[in-house]
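Each chain gets a letter, A, B and so on, in the order the sequences are listed, and its residues count up from 1. Side chains are part of it too, since the values below use all heavy atoms of this structure and drop only hydrogens, waters and symmetry mates.
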2 protein chains.
Amino acid sequence: MARKIGSHSKITGPRVRQAALTLFARHGYAAVSMRQIASAVGVQAGALYNYTADKQALLFDLMQTHMEDLLAALDRCPDHGDPQMRLETFARFHIRYHLDCPDLVFIAYMELRNLTAANFAVIEGLRRRYELRLQNILEAGQKAGVFEMPDIKVASMAIIAMLTGITTWYREEGRLSRAQVEEIYLGMVRKAVNA
Amino acid sequence: MARKIGSHSKITGPRVRQAALTLFARHGYAAVSMRQIASAVGVQAGALYNYTADKQALLFDLMQTHMEDLLAALDRCPDHGDPQMRLETFARFHIRYHLDCPDLVFIAYMELRNLTAANFAVIEGLRRRYELRLQNILEAGQKAGVFEMPDIKVASMAIIAMLTGITTWYREEGRLSRAQVEEIYLGMVRKAVNA
DNA sequence: GATTGAAATGAACACGCGTTCAGATACCCT
DNA sequence: AGGGTATCTGAACGCGTGTTCATTTCAATC
């Protein structure tokens with residue numbers, strides 16, 4: 001036996017990434033073997049190397065693509081008007097995006113330590129660009145006198161940590177809807193930085 | 001060669017746990033081998049089994065001991081007076097305790113998925129007891145009319161996520177002192193739930 | 001319908017894994 | 001001083017790891 005009927009790189013490629021994503025998120029990068037990923041795709045381990053140079057590249061590609069998609073989506077998001085409006089837009093964007101792809105979000109900050117030094121630097125840089133957007137909003141609000149905080153960088157980290165934390169407990173079939181969660185967190189963020 | 005000079009379980013035991021703690025925190029449970037731990041202690045891998053039943057027990061013991069220590073310390077912490085005072089005391093306690101043992105904190109919520117189902121249930125129960133303390137404070141404040149929030153459970157998760165996030169960026173030699181960080185976060189927590 | 005390239009197999013490689021255990025050595029107690 | 005116990009070694013066990021590659025089969029092109 002060799003090549004399978006219906007096999008195509010445009011099909012298998014995404015399936016490999018999807019399987020890796022799900023397994024990495026559930027069990028952690030180090031705990032998942034290439035054979036497990038291959039099995040989830042329905043293929044032998046050797047076939048994975050048509051789609052990735054090695055296991056590390058598989059993780060890095062997932063994280064890099066995620067961060068770039070995130071930043072691209074953020075750039076498509078409106079960022080004008082008064083600082084309160086901009087903060088609200090940012091928070092809503094963050095919550096929605098993170099609830100849409102919890103596995104990617106989970107991996108992107110859980111598996112940072114499993115990246116090689118060079119790969120880590122790349123992802124870290126992308127992360128900073130994201131945080132910078134929030135910091136700009138906070139700074140504008142502080143200058144306008146509508147926000148008040150002792151330290152902008154710390155405030156941005158606190159807000160992002162709070163918002164990202166949603167993914168650790170939110171369940172689709174849970175007590176609260178996405179919209180409800182969004183409003184609750186938005187209220188807390190607003191109050192936390194208000195003058 | 002066999003037993004080493006100066007060897008003693010009261011010495012080696014803690015060193016095993018310390019080495020496991022440091023390595024688990026740095027590289028993750030699944031990525032650390034028993035031989036690495038043994039090497040850090042300066043011993044052969046087989047010797048570790050004088051101090052733990054297996055690798056899983058090593059992780060579980062670290063997490064369980066940490067959570068029980070945390071709860072015991074919390075119980076020694078004053079919890080009376082008006083809700084604002086109680087919230088302040090809780091937040092200060094949380095920040096200080098978490099900055100004192102970042103490795104344990106890191107492990108205690110990063111490695112939850114590497115616990116067996118039974119062990120996970122134990123740790124999860126201890127975590128809930130901790131969250132309950134904060135929820136009680138928030139509830140009291142809400143009834144007294146000094147706090148205002150749409151959902152107490154969600155608010156407690158948001159606050160804890162925000163505070164715990166400090167450990168991901170705080171560095172001892174960094175720009176801000178512990179006391180400064182404490183004040184900044186305390187301010188945000190207070191404002192976030194105030195009526 | 002033959003030819004070419006893409007896609008997957010399955011076996012192999014060297015190595016590391018968690019764990020066990022008989023044997024050797026150091027410490028402690030009488 | 002000597003016997004017993006606590007402590008560690010070193011080798012072994014079976015198995016799983018990431019990765020490579022010659023080979024085979026399918027899909028697409030001419």
Side-chain angles (χ1 to χ4, degrees), chain A residues 1-24 26-63 107 111 113-116 118-119, chain B residues 1-24 26-63 107 111 113-116 118-119:
Chain A
M1 291 196 235
R3 182 170 185 173
K4 287 182 171 177
I5 54 177
S7 65
H8 204 332
S9 68
K10 306 277 185 198
I11 294 174
T12 309
R15 290 193 61 203
V16 167
R17 285 187 287 275
Q18 180 59 51
L21 170 61
T22 304
L23 288 169
F24 287 166
R26 184 132 42 201
H27 307 292
Y29 171 77
V32 173
S33 73
M34 294 299 269
R35 283 172 179 83
Q36 280 179 270
I37 298 170
S39 170
V41 177
V43 103
Q44 294 298 316
L48 298 181
Y49 291 84
N50 289 324
Y51 305 99
T52 184
D54 48 33
K55 194 186 174 190
Q56 167 75 202
L58 200 46
L59 174 63
F60 176 67
D61 284 348
L62 283 172
M63 293 175 71
I107 284 180
E111 303 295 353
R113 61 182 164 184
N114 285 311
L115 292 175
T116 61
N119 286 345
Chain B
M1 294 200 235
R3 184 172 185 174
K4 287 182 171 177
I5 54 176
S7 65
H8 205 335
S9 67
K10 306 276 185 197
I11 293 173
T12 310
R15 291 193 58 204
V16 168
R17 286 186 287 275
Q18 179 60 51
L21 170 61
T22 304
L23 287 169
F24 286 167
R26 184 130 45 200
H27 307 291
Y29 172 77
V32 173
S33 72
M34 294 299 268
R35 284 172 179 83
Q36 281 179 269
I37 298 170
S39 169
V41 177
V43 102
Q44 293 298 315
L48 298 181
Y49 292 84
N50 290 323
Y51 305 98
T52 184
D54 49 33
K55 194 186 174 191
Q56 168 75 202
L58 199 46
L59 175 63
F60 176 66
D61 285 348
L62 283 173
M63 292 176 71
I107 284 179
E111 302 295 353
R113 62 181 164 186
N114 284 311
L115 291 175
T116 62
N119 286 344

Side chain to side chain, L62(B) and R17(B), heavy atoms closer than 4.5 Å: yes
Please confirm whether the backbone N or O of S33(A) pairs with a side-chain atom of K55(A), one donor and one acceptor, at under 3.5 Å?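 No.
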Let me know the distance between [atom1] of [X] and [atom2] of [N], rounded to the nearest Å.
X      : N       : atom1 : atom2 : value
Y51(A) : dA6(C)  : OH    : C1'   : 9 Å
R15(B) : dC8(D)  : CZ    : P     : 10 Å
L48(B) : dG10(D) : CG    : P     : 15 Å
I5(B)  : dA24(C) : CD1   : C1'   : 15 Å
N50(B) : dC21(C) : CG    : P     : 13 Å

Can you find a side chain N or O atom of T12(A) that sits less than 4.0 Å from OP1 or OP2 on dA8(C)?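 For dA8(C), OP1 or OP2 has a side-chain N or O of T12(A) closer than 4.0 Å.
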dT25(C), OP1 or OP2 - any side-chain N/O from K4(B) closer than 4.0 Å?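 The answer is no; no side-chain N or O of K4(B) sits under 4.0 Å from OP1 or OP2.
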Rounded to the nearest 0.5 Å, what's the gap from [atom1] on [X] to [atom2] on [Y]? Could you check?
X      : Y       : atom1 : atom2 : answer
M63(A) : L59(A)  : CE    : CG    : 5.5 Å
M34(B) : L58(B)  : CE    : CG    : 6.0 Å
H27(B) : R113(A) : NE2   : CZ    : 9.5 Å

Who pairs with S39(B) by side-chain hydrogen bond (donor to acceptor under 3.5 Å, both in side chains), at least two apart in sequence or on another chain?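 Once residues adjacent in sequence are excluded, S39(B) has no partner under the side-chain hydrogen bond (donor to acceptor under 3.5 Å, both in side chains) criterion.
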Assign a letter to each nucleotide of nucleotides 15-20 of chain C from its 5' end: B, base within under 4.0 Å of a protein heavy atom; S, sugar-phosphate only; -, no contact. --BBBB
